[in-house]
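A quick note: this is a predicted structure, and the numbers were derived from the prediction, not measured. Excluded from the calculations below are hydrogen atoms, water molecules and symmetry mates; all remaining heavy atoms, backbone and side chain alike, are included. Residue numbering restarts at 1 for every chain, and letters A, B, ... go by the order of the sequence lines.
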Protein chains: 2
Amino acid sequence: MTDGTCDVENPDEKAVAEIKSEMPDHELIFKITDNFKAISDPTRLKILLALYKKPLCVCDLSAILEMSQSAVSHQLRVLRDKNMVRFKKEGKMARYYLDDEHVITLIKMGVEHAAE
Amino acid sequence: MTDGTCDVENPDEKAVAEIKSEMPDHELIFKITDNFKAISDPTRLKILLALYKKPLCVCDLSAILEMSQSAVSHQLRVLRDKNMVRFKKEGKMARYYLDDEHVITLIKMGVEHAAE
DNA sequence: TATTTAAATGAATAAGTATTCATATGACTG
DNA sequence: CAGTCATATGAATACTTATTCATTTAAATA
C-alpha cells in the first residue's frame with residue numbers, strides 16, 4: 001500500500017485514480033458548500049422563505065421570526081454578502097428582496113425531501 | 001408598535017401574520033437545515049460525490065480525498081447517522097454506498113448553481 | 001432641535017464542529 | 001498465535017459561528 005489504497009481485494013486503483021481526477025477542484029467545492037451553508041441555518045432559511053412570499057423590512061422579519069432585530073440584521077448581512085438578498089433603503093426602513101432564484105429552487109427541493 | 005411590526009408605511013400586518021402562520025414549524029425547518037448542513041462540509045460533499053461514482057472503502061476514500069483515515073471515518077459516521085450512506089462489512093473492509101438519491105439531486109443542482 | 005424609530009455593527013460569549021492523536025476492535029496472514 | 005491491516009471511536013484542540021448586548025447612524029417627528 002504505497003498509494004494509500006487498500007491491498008485487499010482492490011484491482012481498482014485505476015477507478016480510484018479516475019474518481020480522484022474527476023473530483024471538482026477545491027475552489028468549486030468551496031463555492032458549492034458555501035451556498036449550502038447559507039441555507040443550513042434555521043434563521044437564514046426562514047428569512048429566505050419569508051422573503052420568497054414578499055419583500056419585507058427588518059422589523060417585519062424580526063416579528064415573523066420572533067427574533068431580535070440585531071440577530072436578524074446579522075443574518076441578513078450574511079445573505080447579502082452571498083448575494084442571496086438585496087435591500088433598498090426606504091426612508092429609515094430597509095426593504096429586503098430575494099436576489100437569487102436558484103437558491104429558492106434548492107430550498108424547495110430541500111423542503112420536499114425533508115417532508116418525505 | 002405593539003406587535004413587533006413597523007409603524008411606518010406598513011398596512012401589512014395582515015401579510016406579516018399570514019407569512020408567519022405559513023412558516024413551516026421548527027421541526028420541519030430543522031430537518032431541512034440538517035440535510036443541507038450535511039452537504040455543507042467540503043469533506044462530506046467530496047465523499048458523496050465519490051460514492052456517487054462507485055461504492056468505495058474507507059481506505060480508498062481516504063486516498064481520493066487525501067485525508068486521514070480517521071477524519072474520513074468520522075465524517076462517514078455523520079453521513080451514516082443521517083442515512084445518506086450505508087456500508088457493508090466485507091472481511092476487514094467496509095464498503096460504503098450512497099443511500100439517498102434525493103441528496104445527489106440536491107448536490108447536482110448545487111454544482112450547477114455554483115458553476116453558474 | 002431633541003427625541004424617537006429602523007437598522008447596522010463591533011465585541012463578547014456560548015455553542016457547535018472538523019481534524020488530529022491515541023487507542024481499540026476485529027479480521028486476515030505469516 | 002503474534003502481528004498487521006482496515007476501520008471505528010473517544011478525547012483534545014482549534015476553528016467557526018449564532019446570538020446578545022451596547023452603541024452608532026440616519027431618518028422622521030414632536
(message) What does the 5'-to-3' dot-bracket notation of DNA chain D look like when only Watson-Crick and G-U wobble pairs under 3.5 Å count, and pairs to other strands show as |?
(response) ||||||||||||||||||||||||||||||
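The nearest pair of heavy atoms linking A:G110 to B:L106 is N-CD2, 4.1 Å. The minimum heavy-atom distance linking B:A38 with B:R44 is given by the pair O-NE, 2.8 Å.
Residues A:T105 and A:E101 have side chains that never bring a donor and an acceptor to within less than 3.5 angstrom of each other.
Between B:R95 and D:dA6 there is no side-chain N or O to OP1 or OP2 distance below 4.0 Å. Residue B:S68 places at least one side-chain N or O under 4.0 Å from the OP1 or OP2 atom of C:dT20. Between D:dT19 and A:Q75, a contact under 4.0 Å exists linking OP1 or OP2 to a side-chain N or O. A sub-4.0 Å separation between OP1 or OP2 of D:dA8 and a side-chain N or O of B:Y96 is present. Under 4.0 angstrom from either OP1 or OP2 of D:dT19 there lies no side-chain N or O belonging to A:R77. Taking only side-chain nitrogens and oxygens, B:R44 comes nearer than 4.0 Å to OP1 or OP2 of C:dA18.
Residue-level contact check: A:A94 touches the backbone only, with heavy atoms under 4.0 Å from sugar-phosphate atoms and none from bases. When heavy atoms are screened at a 4.0 angstrom cut-off, B:S73 is found touching base atoms of the nucleic acid.
Taking the six-membered ring for Trp and thresholds of 30 and 60 degrees, B:F87 and B:Y96 have nearly parallel ring planes, at less than 30 degrees apart.
A donor-acceptor pair under 3.5 Å is absent between the side-chain atoms of B:S62 and the main chain of B:V58, judged by distance alone.
Looking at which nucleotide of DNA chain C each of A:L76 and B:K37 is closest to, the 5′-most match is held by A:L76. In terms of position on DNA chain D, the residue among A:S70 and A:G91 whose nearest nucleotide sits closer to the 5' end is A:S70.
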